[in-house]
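Lettering follows sequence order; numbering is per chain, from 1.
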Amino acid sequence: MGLARPDLRPDPSLSRAEMEGLQRDIAAAATFEDDHGLDPAAVAVEEATSLADGLPPARDGAQERLGTGDEGSADTTPDPDGPTVVGVDQAFLTDRDGDRPDAAVSAAVAFRAGTVVEYASATTPLSIPYVPGLLAFREGEPILAALDALDADPDLLICDGSGRIHFREAGLATHVGVLRDVPSVGVAKSLLCGEPDEPTVERPEGWRTPVRADDAVTTAEPGTVIGHAFQSRQYPNSKRVNPLYVSPGHRVSAATAVEFVAALCAGYKLPKPTRLADAYADTVKRDAD
DNA sequence: GCGACAG
DNA sequence: ATCTTGTCGC
């Protein structure tokens, strides 16, 4: 599957102003409404049962297909032809004294009927530094490379970062979703911009509140709902867990984006596709040492 | 000029 | 994001 919008693909030599202009074009091409035909219940993963949450062995190849689910058991509604949800995340190799070039290890983990069906990864040299608001220019290409290494065709992408919760409504999830024209959702662990309707501290599991555009969001009317703060996990006692900030990437509404994430967290803070992609990227990274 | 800012 | 061991709690 190639790019749906090659005209919106960033050139590595863009100036900052040009990157921001491209983000406005990407936001204009994005759809923040439901256009996927997916039912959150159909993408749900099994609730955490025991300690059976392992990873497969990281092999030399860039990808690996699994014939049968190797984690958990698809006892409820084992629909082999159900929608494919893909989680993407990255690990980084930093340049300690010129030993090796800076690089990103991107991992994509595909789920169907609540279980893993494929792992893929790609290692990409990094040139652009991290700049708040321009994350997609650093991580977008590496993520697309990992998706290229995946045989599965994603029906929904779960990205680690913001989507519509962004200065120009074009965060990482929106960037990747629009370029591939795949429904996508952004899941961030901290808030880039916007204002939650209510304070988010010490909320019970399952709690959520809208995040509205504030003055920092230059492309939306102030007050527009651009995402949600969502308490995916909380402990009865002791330490408190921070909420997630969920926002539409492309072809998903703010309300449905939270429903997808709620169906994918299964008792953990992060969606399972994200957790496994994170762990797989780390595994591949370690093997590179 | 300062603040504030996903990963 | 990354540099890093143990440790407290469910």
| said: Any carboxylate oxygen within less than 4.0 angstrom of a Lys/Arg side-chain nitrogen, looking at A/Arg251 and A/Asp181? | reply: yes
| query | Are A/Thr256 and A/Asp34 close enough that a side-chain donor and a side-chain acceptor fall under 3.5 Å? | reply | yes
| Please give, in whole Å, the distance from C/dT2 P to A/Leu126 CG? | 12 Å
| query | Which part of the nucleic acid, if any, lies within contact of A/Ala91, taking any heavy atom under 4.0 Å across all strands shown: a base, the sugar-phosphate backbone alone, or nothing? | reply | sugar-phosphate
| task | Would you classify A/Phe92 as touching base, sugar-phosphate or nothing, given that sugar-phosphate means primed atoms plus P, OP1 and OP2, and contacts are heavy atoms under 4.0 Å? | result | sugar-phosphate
| task | Calculate the interatomic distance between A/Arg286 atom CZ and C/dT4 atom C1'; express it in whole Å. | result | 13 Å
| Would A/Glu118 and A/Arg112 pass as an ion pair if we require N to O under 4.0 Å? | no
| message | Whole angstroms only, please: what is the CG-P distance between A/Asp214 and B/dG3? | response | 19 Å
| field | Interatomic distance where NE2 belongs to A/His175 and C1' belongs to B/dG7 [whole Å] | value | 14 Å
| task | Respond yes when some side-chain nitrogen or oxygen of A/Ser190 is under 4.0 Å from OP1 or OP2 of B/dC5, and no when none is. | result | no
| said: If you only use heavy atoms from C-beta on, which nucleotide in B/dG7, C/dC3, B/dA6 is closest to the side chain of A/Lys189? | reply: B/dG7
| message | Heavy atoms only, 4.0 Å cut-off, all strands: where does A/Leu244 land among base, sugar-phosphate and nothing? | response | nothing
| said: One thing to verify: whether A/Arg138 and A/Asp102 come together as a salt bridge, which I'm taking to mean a side-chain N less than 4.0 angstrom from a carboxylate O. | reply: no
| message | Tell me whether the ring of A/Tyr235 lies stacked over the C/dG9 base, given a 5.5 Å limit on centroids and a 30° limit on the plane angle. | response | no
| query | Salt bridge between A/Arg208 and A/Glu259, side-chain N to carboxylate O under 4.0 Å? | reply | yes
| query | Can you check the A/Leu270 CG to B/dG7 P distance for me, whole Å? | reply | 10 Å
| field | OP1 or OP2 of B/dA6 under 4.0 Å from side-chain N/O of A/Tyr245 | value | no
| request: Figure out the CD/P separation between A/Glu139 and C/dA1, and round it to whole Å. | output: 9 Å
| field | Distance in angstrom units between A/Arg168 CZ and B/dA6 P, rounded | value | 13 Å
| request: Measure the distance from CG on A/Asp160 to P on C/dA1 and round it to the nearest whole Å. | output: 8 Å
